[in-house]
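Here's the structure, in structure tokens; my notes come after.
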Amino acid sequence: MPFVRLFKYIAFILIGVIVIGLVCVIAGFYAYDNVFISLVTNEGMRYRANVILQDYDTYSMYSLFTNNYMYNDFEVDNAVYDDFSIDSFTYRININSIKCSPWSTTAEVEIEERVLNVKGRYIKPDDEDLPDNEGGETDEEKKDPEIPVWTEGIYKLILQKTDGRWRIDSVELIEELESLQTPAPTLTPDITPEVTATPEVTPAA
């Protein structure tokens with residue numbers, strides 16, 4: 001019957017349009033989430049390095065990291081360079097993969113992170129805080145400690161979506177990579193100009 005065939009044809013076209021529309025919507029949400037996850041990962045991890053190494057304000061991190069990370073893991077991460085003043089460094093990050101289902105509130109991101117060319121100086125305690133040298137420390141023992149080497153490697157990040165925003169909830173090292181920093185982090189010496197005595201000129205008799 002021609003009407004039945006026409007009805008089936010129209011229904012087939014409508015179903016096809018609906019399916020294509022749903023696929024486009026799902027792809028749109030997926031692409032939207034992936035873009036924002038990439039932005040949060042890049043911006044968040046870069047700013048985290050600046051806070052740890054150069055004591056940037058931690059307030060801005062709360063828009064990029066969850067309270068769970070800030071109140072737990074970050075307290076440990078942030079203490080590594082407390083005794084050093086870092087003048088400069090080079091930061092590199094590469095996103096290897098993003099795993100996130102459409103409409104999911106959790107995402108897993110794998111990154112490669114490296115921190116190179118770290119230069120800075122050791123912050124010496126005030127003299128009054130130093131214990132008496134009763135044990136007779138040698139010059140070698142009095143040397144300033146070396147700047148800790150940043151743990152370069154492959155990290156797994158878990159991001160949570162809350163209030164419509166993606167935030168980093170955890171940062172886990174899954175594979176440590178050989179450091180590309182050559183030489184090791186450099187201590188900036190405190191250079192004090194030497195005072196050269198001026199010779200006295202004796203007038204000839």
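We count residues from 1, following the sequence as given. The structure displayed is predicted, hence computed values, not measured ones.
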>> Assess the residue pair Tyr91 and Glu113 against the criterion (side-chain hydrogen bond (donor to acceptor under 3.5 Å, both in side chains)); give the C-alpha distance rounded to whole Å, side-chain angles, the decisive distance to 0.1 Å, and a yes or no.
In response: CA-CA 8 Å; Tyr91 185 83; Glu113 182 188 54; 2.5 Å; yes
>> Please report the interatomic distance CD1(Ile168) to CG(Leu159), rounded to the nearest 0.5 Å.
In response: 5.5 Å
>> Between Arg114 and Leu177, is there a side-chain heavy-atom distance shorter than 4.5 Å?
In response: yes
>> Does any part of the side chain of Ile147, heavy atoms only, come nearer than 4.5 Å to the side chain of Tyr122, both counted from C-beta?
In response: no
> Any side-chain donor-acceptor pair under 3.5 Å between Arg48 and Tyr69?
Replying inline: yes
> Going through the distances and angles, do Phe84 and Arg121 end up as a side-chain contact (heavy atoms from CB on, under 4.5 Å)?
Replying inline: CA-CA 6 Å; Phe84 298 88; Arg121 59 188 180 277; over 6 Å; no
> Can you check side-chain contact (heavy atoms from CB on, under 4.5 Å) on Cys100 and Ile37, steps first, answer last?
Replying inline: CA-CA 9 Å; Cys100 178; Ile37 289 170; 4.0 Å; yes
>> Any heavy-atom pair between the side chains of Lys161 and Thr106 that's under 4.5 Å?
In response: no
>> So which atom in Asn50 and which in Phe89 form the shortest heavy-atom distance, rounded to 0.1 Å?
In response: OD1-CZ, 3.3 Å
>> Atom OH of residue position Tyr62 - does it have more than 12 heavy atoms of other residues, nucleotides or ligands inside 6.0 Å?
In response: yes
> Is there a side-chain contact (heavy atoms from CB on, under 4.5 Å) between Arg92 and Leu116 once you walk through the steps?
Replying inline: CA-CA 8 Å; Arg92 295 180 185 174; Leu116 311 171; 3.3 Å; yes
> Of the non-hydrogen atoms in Val40 and Leu64, which two are nearest, and what is the gap between them?
Replying inline: CG1-O, 3.9 Å
>> Are the side chains of Ser38 and Ile95 in contact, using a 4.5 Å heavy-atom criterion?
In response: yes
> Out of curiosity, Leu53 CG to Asp87 CG, how far, rounded to the nearest 0.5 Å?
Replying inline: 11.0 Å
> In the single-linkage hydrophobic clustering (I, L, V, M, F, W, Y; side-chain heavy atoms under 4.5 Å), do Ile93 and Ile154 co-cluster?
Replying inline: no
>> Is there a side-chain contact between Asp83 and Ile123 in this structure, where contact means two heavy atoms from C-beta onward sitting under 4.5 Å apart?
In response: no
>> Within the structure provided, determine whether Thr41 and Leu39 are in side-chain contact (heavy-atom separation under 4.5 Å).
In response: no
>> Test salt bridge (Lys or Arg N to Asp or Glu O under 4.0 Å) on Lys156 and Glu110; report intermediate values, then the result.
In response: CA-CA 5 Å; Lys156 181 177 74 173; Glu110 182 181 289; over 6 Å; no
> Between the main-chain N or O of Pro148 and the side-chain N or O of Tyr81, is there a donor-acceptor pair closer than 3.5 Å?
Replying inline: yes
> What distance do Lys99 atom NZ and Ile158 atom CD1 have between them, rounded to the nearest 0.5 Å?
Replying inline: 9.5 Å
> Should the heavy atoms of other residues, nucleotides or ligands under 6.0 Å from CD of Gln54 be counted, would the total exceed 12?
Replying inline: yes
>> Can you tell me if Asn42 has over 12 outside heavy atoms packed within less than 6.0 Å of its CG?
In response: yes
>> I'd like to know if Tyr71 and Tyr47 are part of one continuous hydrophobic network [Ile/Leu/Val/Met/Phe/Trp/Tyr, side-chain heavy atoms within less than 4.5 Å].
In response: yes
>> Is it the case that the side chains of Tyr155 and Glu175 hold a donor-acceptor pair, with the cut-off being a distance below 3.5 Å and no angle test?
In response: no
> If we only count heavy atoms from C-beta on, is the Asn68 to Gln160 side-chain gap below 4.5 Å?
Replying inline: no
> Does the side chain of Arg165 come under 3.5 Å of the side chain of Ser63 through a donor N or O and an acceptor N or O?
Replying inline: no
> Does the ring center of Phe74 lie less than 6.0 Å from the ring center of Phe65?
Replying inline: no
>> Would you say that Ile111 contacts Met45 through its side chain, given a criterion of any heavy-atom pair below 4.5 Å between the two side chains?
In response: yes
> Which pair of heavy atoms, one from Ser104 and one from Trp166, lies closest together, and at what distance?
Replying inline: O-CH2, 3.5 Å
